[in-house]
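Remarks on the structure that follows.
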Amino acid sequence: MRFRSALAAAAILTLTAACGGGGGDGGSASSSNEPVKIDFLSLAWQKESVAANKQLVEEWNKANPGIQVTYVQGSWDNVNDQLVTQFAGGTAPDVIHNDSPALSGFASDGYLLDLKDKVPAELKGDIPQAAWDTVTFDDGKGAQGVYGVPFLQESQVIIANKKLLDASGARVPTADEPWTWDEFSEAAKKMTKGGTFGVAWPMKSPVNKTLNLALNFGGTFFQTADGKTTVKVGPEEREVLQRIHDQLYKDKSADPAALGQGTADPLPAFYQGKFALLPAGVYLRQQVVEQAPDGFEWVTLPAPKGTSAQQGAVSQTLSVAQDSKHPDEAMKFISFFLNGANQAKLAKGDWLLPTSQTAAADPAMTTEENGWDVATASAKNLVVAPFLKVNGFDEWKSKVATPALQEYFANKITIDQVAAKLVEDGDKVLERYQR
Amino acid sequence: MTATATRPAPPRRPRARRRGISRQTREMWVLMLPALVPVLLFSVGPLLYGIGLAFTDARNTRVHETSFVGLENFGRLLTDDEFWSSFQIGAIWAVSVTVLQFLAALGLALLLNQKLRFSGLARVLSVVPWAMPPVVIGLMWKLVYHPDAGLLNDLLGTEVNWLADFSLALPAIIVVGIWAGMPQTTVVLLAGLQNVPKELYEAGEMDGAGTWRRFWSITLPQLRPIIVAITSLDFVWNINQFGLVYVLTQGGPGGRTRLPMLFAYEEAFRYRMAGYASMLGLAMAIVVLAVLGLYLWRQMREAK
């Protein structure tokens with residue numbers, strides 16, 4: 001007996017020692033003449049954007065032999081699952097590309113480095129405070145910190161089939177004078193005839209889209225009182241929900257086939273002229289440019305306005321891991337990567353709006369071609385999305401709001417039922433995070 | 001393993017026997033050690049760790065102090081509507097996939113067992129899905145179900161968004177589950193069919209038994225142990241299915257295809273409730289063991 005257990009113990013000891021040795025080697029090898037190594041997790045996925053990212057990394061590596069950056073490709077589909085695992089296992093990359101809704105959770109869990117005192121003044125001044133607000137979060141102990149550098153923002157626009165738009169005789173909206181929601185619904189009705197629909201709402205992931213647009217009528221969906229956040233669905237929140245629902249089932253001006261689809265899925269039907277208007281994020285223009293058949297004419301229209309034209313904004317961000325061994329070098333890389341000139345390149349590659357004011361002034365960002373002027377002009381309507389600061393928003397979104405909104409837009413439940421679900425089930429979820 | 005370990009030492013070594021452990025037993029353990037250590041280290045260890053976690057409030061965060069909470073997670077599980085609806089979906093999925101898969105595979109196996117032309121080729125083709133990883137199967141079927149460019153809508157002339165429809169999504173993934181798991185079942189059943197002695201059929205024919213009668217009274221009883229084995233394996237495999245459904249629907253629309261394993265995954269890696277997710281895993285393991293135990297026990301009893 002003793003012999004056996006002794007042998008087993010010895011074997012386990014050797015094994016663990018071997019594993020421990022293997023893991024420890026990586027960190028201790030940073031002597032003075034060896035370059036510092038930094039991993040950069042990038043989520044760029046459009047071809048041009050991946051190219052722009054890689055090119056900037058290459059440029060940096062050439063200019064800074066002492067700080068070598070390794071480009072690591074990630075994917076938006078599973079980045080947060082991946083990061084949870086990597087953070088827990090201590091193998092997270094140093095520089096992390098993500099978006100601001102995800103940062104709130106990682107920040108309060110203590111995985112991200114507070115960059116408040118690390119961001120150089122030049123970079124700080126180039127990005128407006130409204131964008132910094134999208135990355136300022138509670139650190140889990142009551143203090144506020146800056147947990148990323150915001151660099152790309154998405155706004156909602158309407159991509160329109162020019163022929164159908166002109167044929168309908170509806171007023172063509174401009175950045176200074178967008179459609180009101182009433183005008184928008186009226187125009188959609190006019191365009192609906194003979195098997196062609198006015199608009200298509202791809203609502204596979206309805207939450208961010210509706211919540212961002214709900215701000216048009218001042219709908220915030222969350223309220224905080226006495227440090228306790230609860231869900232609220234009042235008349236302001238219902239406006240946009242009801243209007244989209246009306247287009248689908250009252251006016252019948254929205255294509256029901258698109259309802260269950262992801263944002264880019266209705267594009268083939270759009271090119272075939274099955275519907276005229278596609279509300280979407282500005283980035284979708286890239287796919288239209290690339291895939292639309294020859295001779296297909298399209299324009300970018302600003303999103304409709306309610307009591308205001310405000311939209312909720314989230315940012316793409318670069319953050320530094322709390323456990324990174326080289327936080328200062330990582331910050332240096334970020335400042336280079338996100339300077340005005342480079343942000344313009346990244347924005348162009350991803351067809352999104354840069355936060356940098358220098359980049360926004362770049363002629364490539366204001367040209368009429370491919371709707372850049374309308375897209376860039378919409379940036380002024382972006383305000384911090386209220387749900388950004390809600391701890392537990394992600395769980396509310398996928399467990400409560402996504403199914404409830406999907407059912408509502410599928411006309412399976414009424415607006416009162418969806419409101420009740422969002423509030424009652426939602427508060428239960430949020431409670432878990434406020435203990 | 002136990003049988004070998006407790007076998008008494010051969011009588012010609014009386015001295016070794018007196019000392020408690022025979023040399024043979026000791027040698028056996030030494031030889032087994034290289035195989036045993038990885039099993040302990042990578043299977044039993046994490047399993048025990050996971051069971052331990054299930055009784056704590058562990059979270060996947062850097063700042064959280066984990067503490068022991070006893071059965072709190074279990075209590076929450078019992079009152080969690082989300083869990084029960086996911087469990088119900090899991091049960092529908094596992095039972096219908098296993099049963100339908102078995103019926104389809106039995107039919108296919110009987111067909112392949114006939115002396116038809118090209119039966120060799122057909123046998124090879126029927127195993128093809130086996131060679132594909134679940135993720136590839138998922139992606140392939142996603143294209144089949146695609147609302148605009150999908151094969152299925154083209155064939156039927158419909159415009160249904162199969163994977164996003166609240167009532168069609170679950171049946172749609174069940175079909176994929178059946179398709180993906182059929183090869184194993186078919187191959188095993190086919191092997192079983194080929195082991196049924198020919199004499200039994202000849203004798204049956206002499207007694208004037210028709211095809212149906214021969215199938216019912218000879219083939220099925222002969223296949224019985226194989227059927228029990230393969231359906232139980234399929235059931236465990238199906239209820240623990242993850243990759244296929246994750247690729248196809250990620251549990252959507254509105255949680256209508258959220259199998260228990262997807263639910264546990266979300267709890268652990270999206271909401272970072274590691275303790276609760278471990279309890280979910282533990283509960284599922286217990287359920288699977290209970291169902292399987294009951295099924296095997298009944299089958300064994302009937303077989304006697």
Within 6.0 Å of [atom1] in [X], more than 12 heavy atoms from elsewhere:
| X | atom1 | result |
| --- | --- | --- |
| B:W179 | CH2 | yes |
| B:E65 | CD | no |
| B:Y49 | OH | no |

Q) Rounded to the nearest 0.5 Å, what separation is found between the NZ atom of A:K428 and the CG atom of B:D81? A)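 If we round to the nearest 0.5 Å, A:K428:NZ and B:D81:CG are 6.0 Å apart.
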Q. How far does OG of A:S398 sit from CZ of B:R258, to the nearest 0.5 angstrom?
A.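 Reported value, rounded in 0.5 Å steps: 6.5 Å.
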Q. Which of residues 267-280 of chain B get closer than 4.5 angstrom to chain A, counting heavy atoms alone?
A.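 B:E267, B:A268, B:F269, B:R270, B:Y271, B:R272, B:M273, B:Y276 fall under the 4.5 Å cut-off.
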So for [X], is it side chain, backbone, both, or neither that comes closer than 4.5 Å to the heavy atoms of chain B?
| X | result |
| --- | --- |
| A:D425 | neither |
| A:F87 | neither |
| A:D394 | both |
| A:Q82 | neither |
| A:K399 | both |
| A:S108 | backbone |

Q) Between A:G260 and B:A164, what is the shortest heavy-atom contact and its length? A)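 Smallest heavy-atom distance, with atoms named: O-CB, 3.5 Å.
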Q. Relative to chain B, which of A:N78, A:V400, A:D323 shows the most heavy atom pairs under 4.5 Å?
A. A:D323
Q: Please determine, among A:A404, A:A257, A:G110, A:P256, the option with the most heavy-atom pairs under 4.5 Å with chain B.
A: A:G110
Q: Under the side-chain contact (heavy atoms from CB on, under 4.5 Å) rule, what do B:R256 and A:Q406 come out as? Steps first, then yes or no, please.
A: CA-CA 11 Å; B:R256 289 298 198 284; A:Q406 279 175 343; over 6 Å; no
Q.
Checking an interface table here. Which of residues 265-274 of chain A come within a heavy-atom distance under 4.5 Å of chain B?
A. A:D265, A:K274
